[in-house]
There are 2 protein chains.
Amino acid sequence: MGELTDPGGGLVSSTVGAITRLIREQDLMPGDRLPSEATLSRDLQVSRTVVREAFRSLAAMRIIELATGKRATVAPIDHGAMSLIIEHGVHTDQISIQQIYDVRRTIETRIVTLASLRRSDDEARIIREEAEAMRASIATPEELMRHDLAFHMALARASKNPVFALIVGAFQGITSQTWPIGWRSRTSAEGREAMIANHEKIAEAVADGDPERAVAAMSQHFDESVRALISAGLT
Amino acid sequence: MGELTDPGGGLVSSTVGAITRLIREQDLMPGDRLPSEATLSRDLQVSRTVVREAFRSLAAMRIIELATGKRATVAPIDHGAMSLIIEHGVHTDQISIQQIYDVRRTIETRIVTLASLRRSDDEARIIREEAEAMRASIATPEELMRHDLAFHMALARASKNPVFALIVGAFQGITSQTWPIGWRSRTSAEGREAMIANHEKIAEAVADGDPERAVAAMSQHFDESVRALISAGLT
DNA sequence: CACCACAAAGCTGTCATACAGGTTGATGTT
DNA sequence: AACATCAACCTGTATGACAGCTTTGTGGTG
């Protein structure tokens with residue numbers, strides 16, 4: 001089948017390279033099946049152990065998908081791995097929550113602009129429904145949070161740029177861990193109401209195809225969120 | 001030591017969770033050593049094979065670092081895994097180069113603003129040096145590209161937000177694969193000269209602490225880059 | 001001819017064992 | 001106290017084994 005490059009850098013890492021190259025050279029698309037472990041083991045002249053560890057590496061990055069009994073398949077892009085990477089950065093004090101929010105603000109400000117211009121009617125409806133669902137679940141924070149995250153994800157998708165969706169998704173893991181802090185710091189009913197109203201404003205502006213208003217509302221949302229987190233004592 | 005959650009979702013995946021939890025609960029910081037494979041195998045009641053595959057998964061995301069003979073250590077954040085994920089998305093036609101550039105423009109526009117306000121004198125010097133190095137290596141594209149990438153990375157670092165640096169780094173893998181296309185499409189000496197001059201303008205503005213001028217120059221840089229790529233036939 | 005049931009072959013998940021070679025820490029020497 | 005040496009420990013890779021799931025092909029049935 002082919003040679004392994006970098007024979008000194010560890011067999012597994014070479015094998016990861018070989019499998020990646022195989023995907024490229026054969027133009028495999030998401031869903032396509034890879035050779036079996038035994039086949040790769042034979043073709044690449046390494047033990048099945050090595051092939052398996054290489055598969056695990058690629059699966060961790062969501063480049064391939066593994067399943068019992070089935071062959072490994074090429075995976076669609078997914079933010080799962082990125083989510084874990086970000087969480088690790090935060091938990092080891094290499095990234096602060098405020099820095100996350102600064103990046104989110106940058107990204108999501110652009111997202112609402114694009115979403116306002118490009119959203120389909122279906123997407124506008126879904127975005128509005130998530131905002132409504134937030135209001136409906138104001139008494140159950142767990143569910144409220146789920147709709148909040150879904151709202152931002154729906155916006156990202158409506159931007160029609162999968163990379164924006166990927167990045168927004170990458171932040172959702174850590175966000176779901178810090179969201180309750182911000183929510184608890186909004187002690188008054190008005191504070192909580194205002195947060196939901198902000199989402200509705202964003203949804204309306206996007207539905208109306210009004211980027212300026214959408215950006216303004218999103219900006220206000222982030223001002224308010226960051227204020228809430230700071231007042232809760234987050235650096 | 002502890003129980004494994006989700007016992008039905010695959011032993012390896014449970015073990016990854018257990019190790020992650022261990023890092024959190026013990027507040028391990030980058031550089032700290034993890035238990036040996038044998039120890040984890042005993043404590044988690046799984047075979048060493050499973051522990052190794054779990055380690056490989058975490059190492060693929062750069063959450064831990066492995067080395068022969070040494071114990072695994074907690075890793076500093078690194079964009080290596082994200083780079084591979086993005087490359088995979090592009091090679092499987094799930095992400096287009098233009099979409100990458102749209103995100104980069106969004107991110108890097110914000111970066112130059114922050115860098116203008118926050119850069120240290122050292123950082124300003126490094127940024128300028130990379131721009132100068134670009135001009136000096138105008139005849140050797142390979143080297144020129146290296147300095148171009150280093151220039152953008154230095155800017156990202158000067159923003160003082162590691163998440164921006166992470167994202168910029170994540171794009172460098174695929175960028176280094178498409179950069180030559182853009183360069184070749186700049187057929188005239190003036191075109192090539194203009195590209196380098198743009199970088200110099202950015203460096204000057206950042207050194208002067210002038211965010212508006214920096215943003216304008218960065219914006220122009222992206223306009224020009226995207227034009228170059230399109231004229232080379234990239235969708 | 002189409003369809004279904006079923007058995008065989010193939011594949012992955014996990015475990016145990018073995019050994020080469022790198023790393024670390026303790027021991028003893030100067 | 002500094003250093004050299006070595007034993008214990010640790011990781012990287014290979015092999016073999018087996019349970020359980022999936023795919024495939026076969027042949028029978030309507």
Side-chain angles (χ1 to χ4, degrees), chain A residues 1-20 22-23 26 28 30-75, chain B residues 1-19 22-23 26 28 30-75 80:
Chain A
M1 175 160 297
E3 307 290 311
L4 300 183
T5 48
D6 184 20
L11 274 187
V12 174
S13 137
S14 309
T15 303
V16 167
I19 295 172
T20 305
L22 184 124
I23 294 176
Q26 310 217 359
L28 298 187
D32 289 353
R33 296 194 312 177
L34 276 75
S36 73
E37 294 174 358
T39 304
L40 284 170
S41 171
R42 236 184 304 110
D43 292 348
L44 301 176
Q45 307 251 59
V46 295
S47 71
R48 201 188 142 209
T49 305
V50 169
V51 173
R52 278 192 63 78
E53 293 194 8
F55 269 13
R56 282 286 178 200
S57 290
L58 291 165
M61 297 183 283
R62 308 296 207 276
I63 287 175
I64 66 174
E65 265 174 14
L66 304 177
T68 312
K70 298 182 185 175
R71 302 267 275 273
T73 59
V74 175
Chain B
M1 174 158 299
E3 307 289 309
L4 299 182
T5 48
D6 184 20
L11 274 187
V12 173
S13 139
S14 310
T15 303
V16 167
I19 296 172
L22 185 128
I23 294 176
Q26 311 218 357
L28 298 186
D32 290 352
R33 295 193 313 174
L34 276 74
S36 73
E37 294 175 358
T39 304
L40 285 171
S41 171
R42 235 183 305 111
D43 293 349
L44 302 177
Q45 309 251 59
V46 295
S47 70
R48 200 187 144 209
T49 306
V50 169
V51 174
R52 277 192 65 76
E53 293 193 7
F55 269 12
R56 282 288 177 200
S57 290
L58 292 165
M61 297 183 281
R62 308 296 206 278
I63 286 174
I64 67 174
E65 265 174 13
L66 304 177
T68 313
K70 296 183 186 173
R71 303 266 273 274
T73 60
V74 175

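Note on naming: letters A, B, ... go to the chains in the order of the sequence lines (proteins, then strands), and numbering restarts at 1 for each one.
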**Message:** Within the 4.0 Å limit for protein heavy atoms, which parts of nucleotides 19-25 of chain D are touched? Write it as a string from 5' to 3', B for base, S for sugar-phosphate only, - for none.
**Reply:** --BSSS-
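- Under the side chain to side chain contact (heavy atoms under 4.5 Å, CB included) rule, B:L40 has a single partner from B:V50, B:V51, B:T15, which is B:V51.
- If you take CD1 of B:I64 and C1' of D:dT11, they are 12 Å apart, rounded to a whole angstrom.
- The minimum heavy-atom distance linking B:A60 with A:S57 is given by the pair CB-O, 3.4 Å.
- Of all nucleotides listed (C:dT12, D:dT15, D:dT11), D:dT15 comes nearest to the side chain of A:S47.
- The stretch residues 49-56 of chain A comes close to DNA chain C through A:R52, A:R56, each having a heavy atom under 4.0 Å from the strand.
- To the nearest 0.5 angstrom, A:L28 atom CG is 6.0 Å from A:L22 atom CG.
- Rounding to whole angstrom units, CD of residue B:E37 and P of D:dG12 are separated by 6 Å.
- Here C:dG10 presents its P atom at 17 Å from CG of A:L40, a figure rounded to the nearest Å.
- Within the 3.5 Å criterion, the main-chain N or O of A:V46 finds a donor-acceptor partner in the side chain of A:S41.
- One can place CD of A:Q45 at 15 Å from C1' of D:dT13, the figure rounded to the nearest angstrom.
- Spacing between atom CG of A:L11 and atom P of C:dC19 amounts to 20 Å, rounded to whole angstrom units.
- Each of A:V12 and A:R48 was assigned the nucleotide of DNA chain D with the nearest heavy atom; the assignment lying further toward the 5' end belongs to A:V12.
- Every residue two or more places apart in sequence or in another chain that forms a side-chain contact (heavy atoms from CB on, under 4.5 Å) with A:A59 is listed here: A:I64, A:L66.
- B:I19 has its side chain within reach of B:L58: a pair of non-hydrogen atoms, C-beta onward, lies under 4.5 Å apart.
- We find that CZ of A:R71 is positioned 17 Å from C1' of C:dG13, with the value rounded to whole Å.
- Each end of the helix from C:dC1-D:dG30 to C:dT30-D:dA1 gets its own axis, taken as the rotation carrying the C1' atoms of four end pairs onto the next four within a five-pair window, and the two axes meet at 20° to the nearest 10 degrees.
- Applying the salt bridge (charged side-chain N to carboxylate O under 4.0 Å, His left out) test to every pair with at least one member in residues 50-60 of chain A, sequence neighbours left out, gives these pairs: A:E37-A:R52, A:R52-B:E53, A:E53-B:R52, A:E53-B:R56, A:R56-B:E53.
- Applying the salt bridge (charged side-chain N to carboxylate O under 4.0 Å, His left out) test to A:R33 and every residue at least two apart in sequence or in another chain returns nothing.
- Side-chain N or O atoms of A:R48 include none that pairs as donor or acceptor with a backbone N or O of A:A38 at under 3.5 Å.
- Between B:G80 and B:R62 the shortest heavy-atom distance is CA-NH2, 3.8 Å.
- With rounding to the nearest 0.5 Å, the separation of CG in B:L34 from OG1 in B:T73 is 7.5 Å.
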